[in-house]
Structure formats: structure tokens, C-alpha cells
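Note that these values count all heavy atoms, side chains included, but never hydrogens, waters or copies made by symmetry. Atoms within each ligand, like the ligands themselves, are counted from 1 in listed order.
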Amino acid sequence: MNVITVASRKGGAGKTTLCAHLAAFAHAKGHKCQIVDGDPQGSLTLCNQLRGDDPLPLATCERGLDRALAMAQVAGIEWVFIDTSPTMWVVVQEAIRSATLVLIPARPGFLDLDAVRATVKTARERNKPYAVVLNACPVKRDEREAPTVAQSRAFLEREGVPVFAGQISHRAAFTFTLAAGASAGESEPASLAAAEIEKLWLAVERSVAAINNAYADAAAIASLTQGQAA
Ligand SMILES: Nc1ncnc2c1ncn2[C@@H]1O[C@H](COP(=O)(O)OP(=O)(O)OP(=O)(O)O)[C@@H](O)[C@H]1O
Ligand SMILES: [Mg+2]
């Protein structure tokens with residue numbers, strides 16, 4: 001089971017928006033998905049309620065994240081998407097600890113970039129793979145990133161922080177599709193918003209495959225060396 005934790009202590013960075021769109025995209029692709037609303041604000045829960053007849057399986061952390069994840073595992077869930085609150089409280093720490101991959105949304109600009117540090121520090125301390133996703137960016141012109149996006153990316157790369165190669169632009173579609181009970185990928189599959197989410201999803205899938213392969217290689221080497229020692 002793969003666990004994607006979306007975290008940033010900066011309010012309004014786009015955690016819930018990215019979590020809802022990614023989960024719905026994976027769900028529409030036929031993956032068995034579970035969403036976990038780790039934020040008492042309940043925004044992801046609201047997005048899911050608005051989906052009417054096609055909600056995703058939803059859990060909260062009221063009875064503990066470990067319990068929610070154990071139940072997802074038993075139910076044969078393939079992908080779990082955890083939305084978190086704009087804090088570094090214990091539930092956020094647990095969500096990072098449980099992650100296969102931590103996604104850190106950040107709007108371009110120094111306030112969001114500064115807030116990234118706390119989440120990066122926690123992910124590094126727990127040895128968790130992570131990447132920043134630049135969100136609500138000015139749209140590209142002639143395929144070129146806006147200066148603020150390019151500067152933000154360069155800053156993060158100088159700091160040694162992995163950054164998603166694409167961008168999620170500031171598009172009304174990211175908000176109004178969720179409000180209408182769907183995601184960009186579902187209600188407007190040919191839209192630029194859907195294309196951006198698809199690119200992010202493909203990057204997540206690729207990264208998680210590489211992470212899982214690395215763990216499998218490490219386990220194989222460990223069993224090999226144990227075998228040698230015996
Ligand atoms: N790419 C985007 N384009 C347009 N609007 C966006 C985008 N990303 C987020 N928003 C809007 O910005 C606001 C904050 O987004 P969101 O609620 O996803 O952030 P958050 O990090 O979950 O916030 P909180 O920290 O309060 O949980 C919302 O109104 C959302 O619709
Ligand atoms: Mg939120």
C-alpha cells in the first residue's frame with residue numbers, strides 16, 4: 001500500500017486541493033484509493049461529500065492514523081492520500097512518518113518557501129522521500145515558467161530540496177470542479193488543469209515505483225548478506 005501525505009505548515013498552500021484532485025484522478029484511473037482527512041477543518045471531507053454518488057472511501061484520524069491505515073491495508077487499498085492541517089502537530093508528524101512519499105505544496109514566493117523548511121526537516125529526520133509541488137503558479141507563457149516560479153524552483157534546488165518538474169497553475173477549474181463534486185481530471189479531462197494533475201500523478205507513480213524498488217533492493221541485499229553470515 002502506497003501512502004501519499006500532503007503536508008505544509010503554511011495555510012492555504014493547496015494541500016486539500018492537490019490531495020482531492022490527485023486522489024480523484026487515481027480513483028478515475030481504476031486504482032483502489034482511500035482518502036484520509038487529517039485536518040480538523042474537514043475540507044477534504046467536504047470535497048468528498050460533494051462527490052454525491054461517487055465518494056472515495058474516507059477515514060479521519062479521530063481514532064488514530066495507524067488504525068485508519070491498518071483498516072485500509074485490510075481492505076486492499078492500493079493508494080492512500082492523507083490531507084493534513086497547516087501545523088506540525090502530532091497527527092502531521094504521524095502522517096509524515098507513515099508516508100511512502102510526502103508532497104509539500106508551496107505557492108511561489110518567500111513566505112511559502114520559508115514554511116517548506118519545517119516539513120522538509122521532519123521528512124528528512126524520518127528518512128522519508130519528499131518533493132515540493134509548486135502550486136497556484138502564474139500560467140506559463142510560450143511554455144516558459146513565470147519568473148517567480150523559476151526563481152522559487154532555483155531557490156529550492158539550491159537548498160537541495162527536490163521539486164516536481166512541472167507546475168500546478170492558478171486555475172479557477174481547480175476550485176470549481178471540486179465545488180461541483182468532481183475533479184479536473186473527471187469533469188474536464190481535456191483541460192489544462194487535468195493535464196497538470198495527470199503530469200503530477202505520473203510523477204508520483206514513477207517516484208513511488210522507484211522508492212518501492214529501492215526498498216526491495218535493500219531487503220534483497222539484507223537477506224543476501226544475512227545468508228552469507230549464516
Ligand atoms: N492551483 C490552484 N488554483 C486556484 N486556486 C487554488 C489552487 N490551489 C488552491 N487554490 C485555492 O486556494 C485556497 C486554499 O487552498 P487549499 O484549501 O487547498 O489549501 P490548504 O493548504 O489545504 O489550506 P489549509 O492550510 O487551510 O488546509 C482554496 O480556496 C483553493 O480553492
Ligand atoms: Mg486544507
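- The contact set between ligand 1 and D39, taken as ligand atoms under 4.0 Å from a residue heavy atom, comprises 27 (O).
- Not a single donor-acceptor pair under 3.5 Å links the side chain of E198 to the backbone N or O of G185.
- Counting only protein N, O or S atoms closer than 2.8 Å to the Mg ion (ligand 2) gives 1.
- Nearest protein neighbour of atom 17 (O) of ligand 1, counting heavy atoms only, is T16 CB, 4.2 Å.
- Ligand 1 has no atom lying under 4.0 Å from any heavy atom of H21.
- Ion pairing between a basic and an acidic side chain is recognised when a charged N comes within 4.0 Å of a carboxylate O; D66 and R97 show such pairing.
- Residue contact annotation: A136 has a non-hydrogen atom under 4.0 Å from ligand 1.
- A distance of 6.5 Å separates CD1 in I82 from SG in C61, rounded to the nearest 0.5 Å.
- Between the side chain of K15 and the backbone N or O of S8 there is at least one donor-acceptor pair closer than 3.5 Å.
- Scanning K15, Q167, R107 for the heavy atom closest to atom 13 (C) of ligand 1 points to R107.
- Using a non-hydrogen distance threshold of 4.0 Å, S169 registers as a contact of ligand 1.
- Listed for the R107 side chain is a donor-acceptor partner under 3.5 Å among the backbone atoms of G12.
- Atom 23 (O) of ligand 1 has its closest protein heavy atom at G12 N, 3.0 Å.
- Looking only at atom types and distance, the side chain of N2 has a donor-acceptor partner in the side chain of N212 under 3.5 Å away.
- Every atom of ligand 1 with a heavy atom of G11 under 4.0 Å away is listed here by number and element: 25 (O).
- Counting only residues at least two apart or on different chains, the side chain to side chain donor-acceptor pair (under 3.5 Å) pairs with a member in residues 69-86 are T16-D83, H31-E78, S85-T87.
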Which is it for R124 and V161 under the side-chain contact (heavy atoms from CB on, under 4.5 Å) test, yes or no, and what are the steps along the way? CA-CA 10 Å; R124 283 180 178 162; V161 174; 4.0 Å; yes
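- Other residues, nucleotides and ligands contribute more than 12 heavy atoms inside 6.0 Å of the NZ atom of K140.
- Those atoms of ligand 1 that come under 4.0 Å of a heavy atom in F174, given as number and element, are 1 (N), 2 (C), 3 (N).
- Evaluated by nearest non-hydrogen atom to atom 26 (O) of ligand 1, the leading choice among Q41, R171, H170 is Q41.
- The ring pair (Phe, Tyr, Trp, His ring centres under 6.0 Å) pairs that include a residue from residues 159-178 are H21-F174, where partners are two or more places apart or lie in different chains.
- No hydrogens or angles considered: nothing links the side chains of R153 and Q167 as a donor-acceptor pair under 3.5 Å.
- Within a 4.0 Å radius of atom 28 (C) of ligand 1, the protein contributes no non-hydrogen atoms.
- Below 3.5 Å of separation, one finds an N or O of A13 facing an N or O of ligand 1.
- Considering backbone and side-chain N/O of I168, none are found under 3.5 Å from N/O of ligand 1.
- At a 3.5 angstrom cut-off on N or O pairs, N135 counts as close to ligand 1.
- Identified under the side chain to side chain donor-acceptor pair (under 3.5 Å) test for residues 177-195, with sequence neighbours left out: R51-E186, S183-E186.
- The environment of M1 atom CE is dense: over 12 non-hydrogen atoms of other residues, nucleotides or ligands sit within 6.0 angstrom.
- Residue nearest to atom 18 (O) of ligand 1, selected from V6, T17, T175: T17 (by heavy-atom distance).
- Numbered from 1 in the order shown, with element, the atoms of ligand 1 that lie under 4.0 Å from a heavy atom of P86 read 25 (O).
- Counted by atom type alone, S207 and E205 present zero donor-acceptor pairs between their side chains at under 3.5 Å.
- The shortest N/O to N/O separation between G14 and ligand 1 falls below 3.5 Å.
- Taking any N or O of D83, backbone or side chain, none lies under 3.5 Å from an N or O belonging to ligand 1.
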